[in-house]
Amino acid sequence: MSDRPSNFIRDMILADNESGKHGGRVHTRFPPEPNGYLHVGHAKSITINFGLAAEFGGMCNLRFDDTNPTKEETEYVDSIIEDVKWLGGDFGGRIFYASDYFGQLFEWAKQLIRDGKAYVCDLTPEQVRQTRGTLTEPGQNSPYRDRGVAENLDLFERMKAGEFPDGSKTLRAKIDMASPNLNFRDPVMYRILHAEHHRTGNQWCIYPMYDWAHGQSDSIEGITHSICTLEFEDHRPLYDWYVQQLGIFAPRQIEFDRLNLTYTMMSKRKLLQLVQQKLVAGWDDPRMPTISGMRRRGYTPEGLRNFALNLGVSKTNGITEFEKLEFHIREDLNRTARRAMAVLRPLKLIIDNYPEGEVEWMDACNYPDNDSDLRQVPFTRELWIEREDFEEVPPKGYFRLYPGNEVRLRWGFFVKCTGVDKDELGQVTAIHCTYDPLSRGGNSPDGRKVKSTIHWVSANHALPAEVRLYDKLFTREDPNDAPEGQDFTANLNPNSLQVVQAWIEPALAAASAGDRFQFERLAYFCVDKDSTPSRPVFNRTVELRDSWGKTQKKT
RNA sequence: UGGGAGAUCGUCUAACGGUAGGACAGCAGAUUCUGACUCUGCUUAUCGGGGUUCGAAUCCCUGUCUCCCAGCCA
């Protein structure tokens, strides 16, 4: 079995298997509504549903819950398929649609009418609301509740035939207007919607509601364990009721806690708002918590999966720290990303005793602790180094470059700072150094140590690149915690994207969209789809841990 | 104030009447040609009050707090 800690859902399945409930069969499903792009919360659901199926030798159905044509689009269907594949969800090319069951659902609805358990109601949406009662008061029966079977059947067929305008009639289940569970107060099964469906076109003008469609779809597909989030807990009795009235195969609905992440907006509706108001550059903006955004940002499927696996599954309402996600992304990137050197905020470094015009190609490791996978980087008299790797007056504990101090240039030589050039404003414009020719490759034969190694690129060979430095999209742990009268957009981080012109080592010219690197000592980066050979573009995926930066912040 | 659900380190999660463990975060140190990685150590938790029991996070009673439900959304 798995080395992962168990969870209550796995325990339930184990118990079912032991009692022989489904003959040991385990069949789950992942049922997104194609009304937006998948986000990291869905990644958790995908991991659970496909993971459980795989673990128990069963299957998991990718099924589109496409019962509301007014909100659903083919673009979303396509993106969801791509994202599930990318995450490694094995749906074996089998794709299901609730809309494929519209015919069956219609027949079953007539069965309930014939059994006197459903009726056509002429109440307006407003009247339905008024007669539903409240949390503490029972509702009132609809005046149409006791229509005869024949009349109901006739009306329902005519609803389907398009004889009535939107909102004028519904088919309702006849249950109990006084039930303390609001879902039992004669729930709507069908509404009239003269809208074009992305798959069925104009074939239908009545569409099933979620409660009426979902359980029956599960049943048709032989789903054994229908795993959903906590807010559907109240719907389970209704889910069971429909299946029971119909006398069809009964899957079991199990609810778990949805993923909440600090600094992250997980509402599809609000994500849509960000896209529509152009507050971000689309669903796949690297700052978006969508799977496609994270992919573009450079997150790996493995990192996301490990994150989801380590979340655990429970029924507790909680909020996971964003740092946990970053940990798993870094962990995967650390072992998979090639290393390279790039300078984001350049400062010129001149090695006064290095021969003018000379170029030495230095061996550099592409991966840590691996001397056999090398690339060559050109070393010359003038280099770019990171601005923050030099301090004229070093703070306590600083052991990078400062006047009189010696450091190692990664894969290069030891250099000692001898002075600085300044402009008329007193700003440092260049650093002067001398190098130790005997320290070629990065080690001194006399065994002397330096406390710091810094990265660099040859000024003559460096390629310009656009680097997009992404930060959190929101400034607050809870983006919804907005000031009075404002919405979550008030918490948007104005510095969530910073573009810098960087210098990158020449070997990076060969990189193509989607390639991931660690720019040593800085962060992990991913080549953006906007990248061209003449104008490379890199997205910052996640920063390296920075204990020096942390101690700096404290003082 | 109806119904449903849930409360364990700062955060997430384990325990299934028998030593409250892990991960992330944090702190301290070791190591290091990345102030990265890795390694070591440390801090920190059973919502409150009663019971039952040799023994309770776990069972019972009671209180408190949090979340969800009044779409012809899912």
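These numbers were taken from a predicted model, which means no experiment stands behind them. All chains are named by letter (A, B, ...) in the order of the sequence lines, taking the proteins before the strands, and each is independently numbered beginning at 1.
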Participant: Give a yes/no answer on whether the side chain of A/R258 brings an N or O atom under 4.0 Å of OP1 or OP2 in B/G6.
Facilitator: no
Participant: Measure up the A/F517 and A/F538 rings against each other and bin them: parallel (under 30°), tilted (30 to 60°), perpendicular (over 60°).
Facilitator: perpendicular
Participant: Return the nucleotide paired to B/U11: Watson-Crick means purine N1 to pyrimidine N3 with N6-O4 or O6-N4, wobble means G-U with N1-O2 and O6-N3, both under 3.5 Å.
Facilitator: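 Paired with B/U11, as far as the under-3.5 Å criterion goes, is B/A23.
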Participant: Ring-on-base stacking between A/Y210 and B/A74, under 5.5 Å between centres and under 30° between planes: is it there?
Facilitator: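 It does not: the two rings, one from A/Y210 and one from B/A74, miss the stacking criterion.
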Participant: Is A/L193 touching bases, backbone alone, or none of the nucleic acid, heavy atoms closer than 4.0 Å?
Facilitator: nothing
Participant: For a quick test of reading the model: is some side-chain N or O of A/T551 closer than 4.0 Å to OP1 or OP2 of B/G35?
Facilitator: no
Participant: Does the base of B/A74 carry an N or O that pairs as donor and acceptor with the side chain of A/H235 under 3.5 Å?
Facilitator: yes
Participant: Under 30°, 30 to 60°, or over 60°: which ring-plane class applies to A/Y207 and A/H197, parallel, tilted or perpendicular?
Facilitator: parallel
Participant: Mind checking A/K268 for me? I need base, sugar-phosphate or nothing, with any heavy atom below 4.0 Å counting as a touch.
Facilitator: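 Answer is nothing: A/K268 stays at 4.0 Å or more from every strand.
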Participant: Between B/U34 and A/Q518, counting only base atoms on the nucleotide and side-chain atoms on the residue, is there a donor-acceptor pair under 3.5 Å?
Facilitator: yes
Participant: Over how many whole Å does the gap from A/K315 atom NZ to B/C67 atom P extend?
Facilitator: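 For the pair A/K315 NZ and B/C67 P, the rounded distance is 18 Å.
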Participant: Side-chain donor or acceptor of A/N181 under 3.5 Å from a matching atom on the base of B/C69?
Facilitator: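 In this structure, the two groups form no donor-acceptor pair.
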Participant: Using the P atom in both, what is the distance from B/U58 to B/G49, to the nearest Å?
Facilitator: 12 Å
Participant: Run the salt bridge (Lys or Arg N to Asp or Glu O under 4.0 Å) test against A/E72 and tell me which residues pass, sequence neighbours left out.
Facilitator: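 Here no residue qualifies.
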Participant: Between A/H455 and A/L522 (side chain of the first, backbone of the second, donor and acceptor by atom type, cut-off under 3.5 Å), is there such a pair?
Facilitator: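 No.
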Participant: Between the base of B/G35 and the side chain of A/R400, is there any donor-acceptor pair under 3.5 Å?
Facilitator: yes
Participant: Please report, rounded to the nearest Å, how far the P atom of B/C12 is from the CG atom of A/L261.
Facilitator: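 In whole Å, B/C12 P and A/L261 CG are 12 Å from each other.
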Participant: B/G22 C1' sits how many Å from A/N306 CG, rounded?
Facilitator: 16 Å
Participant: Nearest-nucleotide wise, let me know which of A/E137 and A/Y524 is further upstream toward the 5' end of RNA chain B.
Facilitator: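 Its nucleotide being nearer the 5' end, the pick is A/E137.
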Participant: Give one of base, sugar-phosphate or nothing for A/R545, where a contact means two heavy atoms less than 4.0 Å apart.
Facilitator: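 Sugar-phosphate: the residue A/R545, judged by heavy atoms under 4.0 Å, touches backbone atoms but no base.
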Participant: On RNA chain B, nearest-nucleotide positions of A/F399 versus A/F8: which is more 5'?
Facilitator: A/F8
Participant: If you measure from the Lys or Arg side-chain nitrogens to the Asp or Glu carboxylate oxygens, is any gap between A/R158 and A/E163 under 4.0 Å?
Facilitator: yes
Participant: Counting only side-chain heavy atoms from C-beta out, which of B/A74, B/G4, B/A23 sits nearest to A/K324?
Facilitator: B/A23
Participant: Which label fits B/G71, syn or anti, where anti is any glycosidic angle not within 90° of 0?
Facilitator: syn
Participant: Can you see whether A/F390 has A/R400 sitting over its ring - NZ or CZ less than 6.0 Å from the centre and within 45° of the normal?
Facilitator: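 Not satisfied by the 6.0 Å and 45° rule.
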Participant: What distance, rounded to whole Å, do you find between the two C1' atoms, one in B/G51 and one in B/G17?
Facilitator: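 To the nearest whole Å, 16 Å.
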Participant: For the C1' atoms, the ones on B/A5 and on B/G10, what distance do you get once it is rounded to whole angstrom?
Facilitator: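 Rounded to whole Å, the distance is 25 Å.
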Participant: For a quick check of understanding: with a heavy-atom distance under 4.0 Å over all strands, which category does A/D11 fall into, base, sugar-phosphate or nothing?
Facilitator: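 Answer is base: heavy atoms of A/D11 come under 4.0 Å of a base.
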Participant: Using the P atoms only, state how far B/G26 lies from B/G4, rounded to an integer number of Å.
Facilitator: 42 Å
